[in-house]
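What follows is a single structure, written as structure tokens, with notes after it.
We number each residue from 1, following the sequence as shown. Since we're looking at a predicted model, the values are computed, not measured. Atoms within each ligand, like the ligands themselves, are counted from 1 in listed order.
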Amino acid sequence: MSKTRVRFAPSPTGGLHLGGARTALFNYLFAKQQAGTFILRLEDTDRERSQEEYAAAIVADMRWLGLDWDEGPEQGGDYGPYRQSERLDRYKAAAEKLVASGVAYKCICEAKEKGAPAEVCSCRDNREKIQEDAKVAVRFYTGEEPVTIEDQIKGRVTVPAENISDFIIVKSDGWPTYQLAVVVDDMEMEISHVIRGEDHLSNTPKQLLLYKALGATPPIFAHLPLLTGADGGPLSKREGDLSLGGFRHKGYTRESLVNFLALLGWAYDDKQQLFDIKELCDKFSLKKVSGHPAVLDREKLDYFNHHYITKGEEAAYLSQAAVFLGSRARDAGRDEAWEKGLLMAVRRNLNSLAEIPEKSGYFFAAPDYDAELMAEHKDAAQLLAELVEKLSGMEKFAGEPLEGVLREFVEQQEIKFKVLALPLRAALTGQKVSAGIFEVMELLGREECVKRVRSFIKAAQGE
Ligand code: GLU
């Protein structure tokens with residue numbers, strides 16, 4: 001059996017959006033599942049629309065998602081993506097071969113009338129009249145036979161010859177078109193399976209004809225179902241920014257996005273929803289990819305995000321969470337251990353990593369006490385005044401001893417723990433909801449806790 005080799009082949013005419021990221025992930029998972037090779041190839045032959053910043057963003061997003069590719073040109077001790085703009089000689093050679101064998105012909109109407117429909121091209125009939133030095137494109141003759149695609153997901157699709165018009169393979173500026181470059185590369189890179197979005201199904205008959213004309217066996221095709229909005233209609237502006245970078249900035253974790261993307265058209269069974277990337281690599285199969293459109297369900301993504309933030313691997317959480325905290329801890333003169341403590345303390349209350357700055361504000365600045373909070377807790381001023389005496393005398397101001405002191409205090413006072421904890425939380429954080437009280441105290445430190453409780457008491461008494 002020949003080896004599995006797949007590729008993700010984005011055009012850098014825009015960044016990576018959810019649809020592209022899903023295609024990339026499915027290729028990656030399929031390669032891993034089959035112990036095959038995964039390739040990243042930037043299809044940058046559209047000179048007008050390709051941009052270097054999009055290419056860089058795609059590469060960065062792929063790395064962020066953890067979808068590392070297995071080969072490519074050497075780049076700083078790692079593999080860079082293949083780029084079609086660096087492989088032009090190959091497309092030129094293929095086009096020459098096709099012209100020489102008579103299945104492609106020189107065309108002057110592409111040069112004359114950009115985007116002219118092939119139906120009006122009569123260059124094939126007027127071959128002799130085209131002058132040697134004319135500015136020409138090369139057009140491929142698609143023949144008179146229908147083309148049948150045996151798609152792994154869509155099944156058998158037959159397209160009549162009249163629906164496949166002769167198409168340009170080399171533009172008049174000498175650059176290959178997508179149709180030619182994609183086939184030449186998939187042949188040269190020995191791609192065994194082309195897994196891509198359903199929007200490319202209409203390109204497949206043309207590509208099958210090119211394989212045949214170049215004497216190659218085509219790869220197996222698998223076209224992934226369309227993504228739709230919540231209402232089942234095509235994705236529209238209503239779904240908002242669907243770029244992967246947009247989701248990352250909004251505080252979605254890589255684990256939540258990978259899990260979410262994996263379920264856009266694929267399911268393992270009708271029960272399991274949570275999958276980490278390792279499990280996906282084991283369980284993914286093309287056979288279980290549905291041909292039906294996949295609905296983007298944002299609530300599901302939010303659920304996954306909360307799940308992975310609060311219950312995912314600690315190291316994965318910490319490294320992604322730190323990005324959202326930025327340099328705040330360092331700027332406040334705190335060390336790495338303190339920063340880690342803070343991130344762990346706020347973790348369980350987060351729906352998104354982007355909430356980190358807002359939900360950790362009180363660690364960096366003394367809170368303002370709003371009137372409502374004050375009214376609710378001002379009767380606890382005396383209790384807090386007694387507590388503050390105990391706190392200021394403590395030697396080791398850390399989680400366990402703190403818990404011991406607070407529990408002993410409530411016992412002596414014969415009150416429930418929350419009768420102390422609620423006003424204490426209000427005094428320390430200015431919030432009704434915060435990280436765990438012992439963690440907050442340890443992170444703030446004795447001086448700061450004592451200071452805050454005293455100003456709270458003062459404010460309460462001033463009322
Ligand atoms: N370059 C094409 C795109 O970005 C994909 C080509 C393919 O997968 O065959 O849509």
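Side-chain contact annotation: Ser434 with Arg425, donor-acceptor N/O pair under 3.5 Å present. Side-chain contact, Gln207 with Tyr178: a donor N or O sits under 3.5 Å from an acceptor N or O. Residues Ser50 and Asp46 bring no donor and acceptor atom of their side chains to less than 3.5 Å of each other.
Considering backbone and side-chain N/O atoms, Ala9 comes within less than 3.5 Å of an N/O atom of ligand 1.
In this structure, His306 and Arg348 have side chains that are not in contact, with every pair of non-hydrogen atoms separated by 4.5 Å or more.
Salt bridge absent: Glu110 and Lys171 never bring a charged side-chain N and a carboxylate O closer than 4.0 Å.
With hydrogens left out, the protein atom closest to atom 9 (O) of ligand 1 is Arg196 NH1, 2.7 Å, a heavy atom. Nearest to atom 10 (O) of ligand 1 among the protein's heavy atoms is His200 NE2, 2.8 Å. For atom 8 (O) of ligand 1, the nearest non-hydrogen atom of the protein is Arg7 NH1, 2.8 Å. Here the protein heavy atom with the shortest distance to atom 4 (O) of ligand 1 is Ser11 N, 3.0 Å.
The ligand atoms of ligand 1 that sit less than 4.0 angstrom from a heavy atom of Glu43 are 1 (N), 2 (C), 5 (C), 6 (C).
Residue contacts with ligand 1 for Phe8 are absent, since no atom lies close enough (heavy atoms, distance under 4.0 Å). At a 4.0 Å heavy-atom cut-off, ligand 1 touches Pro10 through the backbone alone.
Using a non-hydrogen distance threshold of 4.0 Å, Val182 registers as a contact of ligand 1.
To the nearest 0.5 Å, the span separating CZ on Arg248 from CG on Leu65 amounts to 8.5 Å.
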Legend entry - Audit row: Val184, Leu180, side-chain contact (heavy atoms from CB on, under 4.5 Å) steps and yes/no: CA-CA 6 Å; Val184 171; Leu180 177 68; 3.9 Å; yes

